[in-house]
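Before any comments, here is the structure.
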Amino acid sequence: MTKIDLITGFLGSGKTTLLKKYLNYLLDKGENICVLEFDYGAVNVDMMLLQEFNNRCDLEMVAGGCDYDCHLRRFKTKLIAMGMRHYDRVIIEPSGIFDPTELFDVLNEEPLDQWYEIGSIISVVDPNNFNLSNESRGILATQLSYAGLVYLSKCQTLTKSQIENSIRNLQGLVGQYGLYLDENKILTKDINKLDEEDYQKLKSASYQELGIPMSNLMTNNSFNSVYLLDKNLSLDKINKLSNKLFKDNTYGEVLRIKGFIKDNDTWYEFNKTHTENNVKEIQNGQDVIIIIGENLDENEINGLFSK
């Protein structure tokens with residue numbers, strides 16, 4: 001049977017960074033891998049970030065943007081098509097607000113229950129981002145409730161005492177929902193220093209069968225995204241508009257801004273949160289800006305970017 005690994009994590013936690021490291025490790029070991037990107041919009045930025053792997057593994061995408069039953073149908077259809085290719089492993093990187101319950105629901109159906117088995121469910125957590133709304137805390141707690149291993153990202157920027165404090169914060173967060181997080185299942189290591197033992201932990205992490213569905217921990221689903229195409233903005237303009245979006249709740253509670261722009265014939269990838277501003281040059285891109293948050297006002301945001 002083909003193993004399925006699921007890498008979850010709240011918005012901007014560092015899922016794609018860990019995925020790239022893990023994927024390189026598995027491919028170097030000779031595994032036949034497919035990566036499935038699961039997003040809720042027509043443009044999947046994270047899939048574009050994996051273009052360096054085009055010649056080494058298969059990359060697939062499921063686009064959402066519809067109701068729960070529609071998500072499951074698209075998910076199931078994609079996995080059926082992929083099942084014919086007999087991969088050793090499928091790695092799913094979903095949206096930051098993905099409910100792992102969907103994976104269990106799909107794999108319980110025929111013929112997928114005969115083709116696939118869950119390998120590892122890994123949850124990536126940003127130790128600098130515990131100041132979350134109640135809805136966001138519910139999402140994170142749901143993802144942690146299914147995880148066989150939690151990876152505390154960006155540890156290279158933290159001291160030992162800060163890491164210990166982050167673990168306490170994490171345990172306190174899940175404790176609010178009656179959950180327990182075993183410290184032995186939390187991996188805290190510089191992403192660039194992961195070794196054979198660490199990758200084996202990721203590969204054999206398994207999962208928790210008694211996870212809590214997201215619907216049990218959230219009062220309402222207030223998350224949405226706004227997609228902006230072909231705005232032809234400079235880096236300086238993006239920075240100024242991003243700062244305004246983060247500071248002014250007229251536009252809603254903006255949590256993350258990501259995408260690609262072309263400035264002076266150079267493509268840039270950008271990924272911005274309240275605490276981080278990451279920009280780097282890339283070879284190719286698509287002029288797209290994605291704004292993710294709670295109760296976003298699409299009309300106000302479109303108006304801001306049209307000025």
Side-chain angles (χ1 to χ4, degrees), residues 4-19 21-22 38-40 46 91-107 118-155 158 162-189 191 194 198-199 201-223 255-256 273-275 292 294:
I4 290 186
D5 292 342
L6 177 67
I7 301 180
T8 68
F10 192 60
L11 303 168
S13 61
K15 295 191 304 295
T16 304
T17 302
L18 180 65
L19 169 60
K21 294 288 186 180
Y22 184 44
F38 196 130
D39 208 344
Y40 292 103
D46 292 331
I91 305 175
I92 300 176
E93 182 190 20
S95 154
I97 55 175
F98 179 78
D99 185 347
T101 308
E102 292 190 28
L103 178 60
F104 288 86
D105 288 346
V106 167
L107 294 188
I118 298 177
S120 296
I121 296 183
I122 302 156
S123 187
V124 183
V125 178
D126 180 355
N128 301 307
N129 192 21
F130 288 115
N131 186 23
L132 302 172
S133 69
N134 288 334
E135 294 296 295
S136 299
R137 294 169 79 87
I139 290 173
L140 179 54
T142 290
Q143 294 174 351
L144 291 169
S145 74
Y146 285 96
L149 185 74
V150 176
Y151 176 64
L152 201 63
S153 65
K154 306 166 188 176
C155 285
L158 304 177
Q162 287 173 323
I163 291 174
E164 292 171 349
N165 187 56
S166 294
I167 292 173
R168 286 193 294 270
N169 286 335
L170 195 55
Q171 291 173 326
L173 184 150
V174 300
Q176 290 183 316
Y177 300 94
L179 302 171
Y180 171 72
L181 189 60
D182 187 347
E183 189 171 339
N184 292 321
K185 293 187 176 182
I186 303 175
L187 179 59
T188 59
K189 197 167 183 180
I191 189 73
L194 298 180
D198 299 318
Y199 286 117
K201 286 181 180 179
L202 293 170
K203 190 176 177 180
S204 61
S206 191
Y207 58 94
Q208 298 187 73
E209 296 188 44
L210 300 178
I212 302 177
M214 199 173 288
S215 58
N216 291 10
L217 300 183
M218 296 175 63
T219 56
N220 61 78
N221 188 356
S222 57
F223 289 88
L255 299 173
R256 188 182 185 192
T273 66
H274 284 274
T275 59
I292 307 169
E294 296 183 55

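FYI, side chains are in, hydrogens and waters are out, and symmetry mates aren't considered; it's all heavy atoms of this structure.
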For I122, does its backbone N or O pair with a side-chain atom of S120 as donor and acceptor, under 3.5 Å? no
Listed partners of K154 passing salt bridge (charged side-chain N to carboxylate O under 4.0 Å, His left out), at least two apart: D126, E276
Closest non-hydrogen contact found for P127 with L158 is CG-CD1, 3.5 Å
Is there a side-chain contact between I163 and C155, using heavy atoms and a 4.5 Å cut-off? yes
Out of curiosity, S123 OG to L187 CG, how far, rounded to the nearest 0.5 Å? 12.5 Å
Less than 4.5 Å apart, any side-chain heavy atom of L140 and any of V125? yes
When you compare the side chain of S13 with that of Y151, does any pair of heavy atoms fall below 4.5 Å? no
With the side chain counted from C-beta on, respond yes when L255 and I292 share a heavy-atom pair under 4.5 Å apart, and no when they do not. no
Distance from N184 atom CG to L149 atom CG, nearest 0.5 Å? 11.0 Å
How long is the span from the CD atom in Q171 to the CG atom in D182, to the nearest 0.5 Å? 8.5 Å
Does E93 reach the main-chain N or O of T16 with its side chain, forming a donor-acceptor pair under 3.5 Å? yes
State, with a plain yes or no, whether a side-chain heavy atom of M214 is found less than 4.5 Å away from one of F98. no
Can you name the residues that form a ring-ring contact (aromatic ring centres under 6.0 Å, His included) with F10, not counting sequence neighbours? none
Any P94 side-chain heavy atom under 4.5 Å of L103 side chain: no
Side chains of T142 and P100: closer than 4.5 Å at any heavy-atom pair? yes
Does any non-hydrogen side-chain atom of I92 lie less than 4.5 Å from one of I4? yes
Nearest-0.5 Å distance that lies between atom CD in Q176 and atom CG in N134: 8.0 Å
Pairing residues for S145 by the side-chain hydrogen bond (donor to acceptor under 3.5 Å, both in side chains) criterion, not counting sequence neighbours: none
Any residue meeting side-chain contact (heavy atoms from CB on, under 4.5 Å) with V174, in chain and number order, not counting sequence neighbours: L144, L179, L181
Test side chain to side chain contact (heavy atoms under 4.5 Å, CB included) on L18 and L194; report intermediate values, then the result. CA-CA 10 Å; L18 180 65; L194 298 180; 4.1 Å; yes
Non-neighbouring partners of K189 that pass salt bridge (charged side-chain N to carboxylate O under 4.0 Å, His left out), sequence neighbours left out: D195, D198
Looking only at heavy atoms, which two atoms of P213 and G211 are closest? And how far apart? CD-O, 3.7 Å
Between atom CD1 of I139 and atom OG1 of T8, what is the distance when rounded to the nearest 0.5 Å? 11.5 Å
The reported gap from OG in S136 to CD1 in I97 (rounded to nearest 0.5 angstrom) is 9.5 Å
Stepwise, does the side-chain hydrogen bond (donor to acceptor under 3.5 Å, both in side chains) test hold for Y146 with T101? CA-CA 9 Å; Y146 285 96; T101 308; 2.8 Å; yes
ring-ring contact (aromatic ring centres under 6.0 Å, His included) filter on Y207, not counting sequence neighbours, yields F104
